[in-house]
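Below is one structure; the comments refer to it alone.
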Amino acid sequence: MPIDFARIPRDALPALLRSAPKAELHIHIEGSLEPELIFQLAQRNGVALAYPGVEALRAAYAFTDLQSFLDIYYAGASVLIHEQDFFDMAWAYLERAAADGIVHAELFFDPQTHTARGIEMGTVIRGLHQACERAQQQLGVSASLILCFLRHLSEEDALATLEAALPFRQLFVGVGLDSSERGHPPEKFAHVFARARAQGLHCVAHAGEEGPPAYIEGALDVLQVQRIDHGVRSLESPALVARLAAARVPLTVCPLSNVKLCVFKTLAEHNLPALLNAGLCVTVNSDDPAYFGGYLNTNLLATFEALPQLGVREAYQLLRNSFEASFVPPAQRDRWIDALDTAFRAAAV
Ligand code: HPA
Ligand code: ZN
């Protein structure tokens, strides 16, 4: 039976968005480190921070672009030393995810941020993986890991990173590409993505956040990615939009991130409605929730509040896309979509 969207009032959306089952596909786990946990870990590990306290650190979260954020984000990650620290960070996120109705999360992590400080690859991956395992057992949340290469570093460094991670191949499902986009086109990482594909790893890449549509094309053509992270600048190229729509390439869009990093001036000016109208498989995500003003439900609620042209149908489509774009077996994906349908049907009056 189809869902009768006309019978679901728009003012039912906040509660429905909060409680409905959903997946998160674009969350940098180091970007979930709240200032309180940063200071707790700094004290536990004897790491000195450039800020006197939580309030001063939070006050520094006034970003002008991607790079101004990355500088402070990498500094925050410097408190992570032991396996337990990586576990604690991921567990804190997964508990919040469960409270947001997230039933599946694919977590990005940036190993080079840690290995460059002398932390072993195994320390990073084992700590994160144990949190994912416990989330399944204790929270009923499915979670998997995607290893991201830092694009401001060389491809040689990325290749060495992938080699160091291969002993833990069973503990992550894919590779991604993040950090400073401008001046670091996807083509720079052709070999390391080919090597990852040969290992059967899923491939995604940040593209078209600050970079031009050509970077999205490069990620598709050269890296052969299955999803584009952000991708909001795709609208500048009608040919690219047609291609993304025809191939149903998902775009993992992060509305609050885009406003904090000045990609859009306000949420009301975000092009998410236009992306949906163009027939693209868009999902909503939190990116770096501790830095950008909120977790997934906060992103969803703020987006629907700022953009009145988005209705119940669009809410359903965005949540459904989160499952369709995920790297889970089709039978599991279909069970979650059934649960989503049930939640929307129950909201009809
Ligand atoms: N863009 C690129 N790199 C990142 C981001 C982002 O939004 N967050 C963490 N690393
Ligand atoms: Zn991101």
Side-chain angles (χ1 to χ4, degrees), residues 23-34 38 61-78 80 86 89-90 93 97 105-116 124 128 145-153 157-158 161 174-186 188-189 202-212 215-216 218-219 223 225-234 250-264 267 270 272 282-296 299 322 325:
E24 173 143 67
L25 307 178
H26 185 161
I27 153 84
H28 301 263
I29 199 61
E30 292 91 346
S32 75
L33 259 185
E34 293 286 347
I38 290 179
Y61 293 0
F63 312 117
T64 50
D65 61 4
L66 175 58
Q67 193 59 50
S68 66
F69 154 69
L70 290 170
D71 294 341
I72 208 162
Y73 159 83
Y74 294 131
S78 69
L80 299 158
F86 290 93
M89 169 175 67
Y93 165 74
E106 298 179 5
L107 315 182
F108 293 146
F109 67 108
D110 288 339
Q112 287 154 298
T113 303
H114 315 299
T115 53
V124 179
L128 298 177
L145 298 173
I146 296 179
L147 182 160
C148 286
F149 304 114
L150 299 181
R151 68 201 303 158
H152 68 276
L153 301 178
D157 205 305
T161 300
V175 299
L177 186 64
D178 64 5
S179 188
S180 326
E181 187 181 5
R182 286 201 200 104
H184 301 285
K188 183 177 160 187
F189 296 93
H202 292 291
C203 292
V204 300
H206 283 53
E209 178 186 19
E210 287 187 344
Y215 282 22
I216 300 174
L223 307 185
V225 298
Q226 297 160 276
R227 297 196 297 247
I228 297 290
D229 296 310
H230 294 295
V232 291
R233 288 193 60 191
S234 58
L251 304 185
T252 63
V253 172
C254 307
L256 288 177
S257 162
N258 290 154
V259 174
K260 279 280 182 192
L261 301 188
C262 307
V263 175
F264 296 97
L267 217 41
H270 200 286
L272 187 140
V282 177
T283 69
V284 170
N285 305 271
S286 69
D287 209 6
D288 300 281
Y291 293 90
F292 297 154
Y295 289 76
L296 181 48
N299 271 270
S322 76

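Both ligands and their constituent atoms are indexed starting at 1 by order of listing.
Only the side chain of His230 comes within contact range of ligand 1, with a heavy atom under 4.0 Å; no backbone atom does. At a heavy-atom distance under 4.0 Å, no atom of Asp229 approaches ligand 1.
Looking only at protein heavy atoms, the nearest one to atom 7 (O) of ligand 1 is Asp287 OD2, 2.7 Å. Among protein heavy atoms, atom 3 (N) of ligand 1 sits closest to Ser179 N, 2.8 Å. Closest protein heavy atom to atom 8 (N) of ligand 1: Asp288 OD2, 2.7 Å. At the shortest separation from atom 5 (C) of ligand 1 among protein heavy atoms lies His28 NE2, 3.5 Å.
Each of the atoms 8 (N), 9 (C) of ligand 1 lies under 4.0 Å from some heavy atom of Phe69. Listed by atom number, the atoms of ligand 1 under 4.0 Å from Glu209 heavy atoms are 1 (N), 2 (C), 6 (C), 7 (O).
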- Message: Is there a side-chain hydrogen bond (donor to acceptor under 3.5 Å, both in side chains) between Tyr73 and Thr113? Walk through the geometry before answering.
- Response: CA-CA 10 Å; Tyr73 159 83; Thr113 303; over 6 Å; no
- Message: Please determine whether side-chain hydrogen bond (donor to acceptor under 3.5 Å, both in side chains) holds for the pair Glu30 and His114, giving the CA-CA distance in whole Å, both sets of side-chain angles, and the decisive distance to 0.1 Å.
- Response: CA-CA 11 Å; Glu30 292 91 346; His114 315 299; 2.8 Å; yes
- Does the pair Phe69 and Tyr291 meet the rule for a ring pair (Phe, Tyr, Trp, His ring centres under 6.0 Å), with working shown? CA-CA 8 Å; Phe69 154 69; Tyr291 293 90; 5.4 Å; yes
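For Ile27 against Pro289, the heavy-atom pair with the smallest separation is CD1-CD, 3.3 Å. Across every non-hydrogen atom of Ser179 and His152, the tightest pair is OG-ND1, 2.7 Å.
Between His206 and His28, the ring-plane angle classifies as tilted under the 30° and 60° cut-offs. Below 30°, between 30° and 60°, or above 60°: for Phe108 and His26 the angle between ring planes is above 60°, a perpendicular geometry.
For residue His206, an N/O/S atom approaches the Zn ion (ligand 2) to within less than 2.8 Å.
Between His28 atom NE2 and Asp287 atom OD1, the angle centred on the Zn ion (ligand 2) amounts to 90° (nearest 10°).
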